[in-house]
Amino acid sequence: MRKRWISLLVTGLLVGGVLTPASPALAAPTFKVPFPCGQSWSGQTRSDHSPAYAVDFNRTDDLGDPVVASAPGTVDRVTDLGGTSYGKYVRINHGGGYSTYYAHLNGFNVSVGQTVGYGKVLGWVGSTGGSTGPHLHYEQRLNGSDIQVRFNGTLALYWGTKSYTSDNGCSSGTGNGTVDTSGTPLTVRSGPGTGYASVGTVADGTRVTIACQTSGTSVTGTYGTSTIWDRIGSGRYIADAYVYTGSDGYIPGVPRC
Ligand SMILES: [Zn+2]
């Protein structure tokens, strides 16, 4: 988990003497660089781009290189505008009003209605539409409006050219976290829930390796209320509500148990 529970309490509003929780903003998806794991691409932003916050990606000999989904979602457009505008482009609906665009493609690898995850190949870099050379034109939008691009929550460079290295679809297999209980040792259970037997404790501040995550009983801890449990060994589970992992909810790339 990432967000500290205390911050939620602080943002509560006292209205007419009744404690009303502030309505949480819908979290943006964790967008990743739209190329396969480990690849580095030069991403350019410029104020005269249309739309302004789009990123044009290039690397050496990029014609035909695979373009991948930057976050899970549903493909809702696979369109060929011919020799104008985006040319061949794909749009993914990520829910919550968020969508991404992948334009000037050479060809398509998905169809409308298809569910895609991180790293899914959507098509290939091309120079279709109003393009003068091979590149990927990439956009993130919220409720249809062009927004500044973020990868793993970090804002892209505006304005200029920067190298972006993809961790999209990297199957790390395991995750890491740090136990945060404000002092008390955290009980380790034999299964994903408070009803399972105690099989030991881990001290506050312990760095743990998380082999997989699963859903179990709901626990309120340092980072809020969660049903997620982290498996830190064979028959050893701890409540994710007490573990700092850098992710709200499940950790990308870590499998379900
Ligand atoms: Zn562009």
Side-chain angles (χ1 to χ4, degrees), residues 28-112 114 116-169:
T30 300
F31 291 118
K32 294 183 177 291
V33 174
F35 298 103
C37 175
Q39 292 185 1
S40 292
W41 286 72
S42 175
Q44 185 200 62
T45 61
R46 52 186 194 276
S47 56
D48 65 350
H49 207 171
S50 178
Y53 298 140
V55 181
D56 279 347
F57 283 103
N58 278 104
R59 68 172 188 169
T60 306
D61 295 331
D62 50 14
L63 181 64
D65 285 351
V67 171
V68 307
S70 56
T74 305
V75 176
D76 68 356
R77 267 188 212 168
V78 177
T79 302
D80 184 356
L81 296 175
T84 63
S85 183
Y86 291 149
K88 291 180 176 168
Y89 78 102
V90 169
R91 186 174 79 180
I92 299 178
N93 178 353
H94 303 283
Y98 289 91
S99 58
T100 49
Y101 286 67
Y102 311 79
H104 309 309
L105 300 176
N106 227 9
F108 301 124
N109 193 50
V110 289
S111 49
V112 170
Q114 193 172 337
V116 295
Y118 285 117
K120 171 64 183 179
V121 176
L122 306 175
W124 297 274
V125 172
S127 187
T128 58
S131 168
T132 54
H135 71 284
L136 175 70
H137 171 101
Y138 172 81
E139 298 173 21
Q140 293 176 0
R141 292 188 181 226
L142 176 57
N143 298 324
S145 298
D146 178 38
I147 57 173
Q148 293 197 321
V149 165
R150 289 176 183 271
F151 295 120
N152 293 324
T154 301
L155 193 63
L157 175 64
Y158 289 95
W159 310 92
T161 301
K162 181 183 161 182
S163 178
Y164 297 87
T165 299
S166 173
D167 68 346
N168 192 335

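The first residue in the sequence is number 1, and the count goes up from there. Whatever order the structure lists them in is the order used to number ligands and atoms, beginning at 1.
Of all N/O/S atoms in Asp56, OD1 sits nearest the Zn ion (ligand 1).
Under the 4.5 Å side-chain criterion, counting only non-hydrogen atoms from C-beta, Ile92 is not in contact with Thr74. The shortest side-chain heavy-atom distance between His94 and Phe31 falls under the 4.5 Å cut-off.
For residue His137, an N/O/S atom approaches the Zn ion (ligand 1) to within less than 2.8 Å. Using a cut-off of 2.8 Å, one finds that His49 contributes an N/O/S atom close to the Zn ion (ligand 1).
Just one of Val125, Asn168, Asp65 meets the side chain to side chain contact (heavy atoms under 4.5 Å, CB included) condition when paired with Phe35; it is Val125.
For the residue pair Tyr89/Glu139, the side-chain donor-acceptor check at 3.5 Å is not satisfied.
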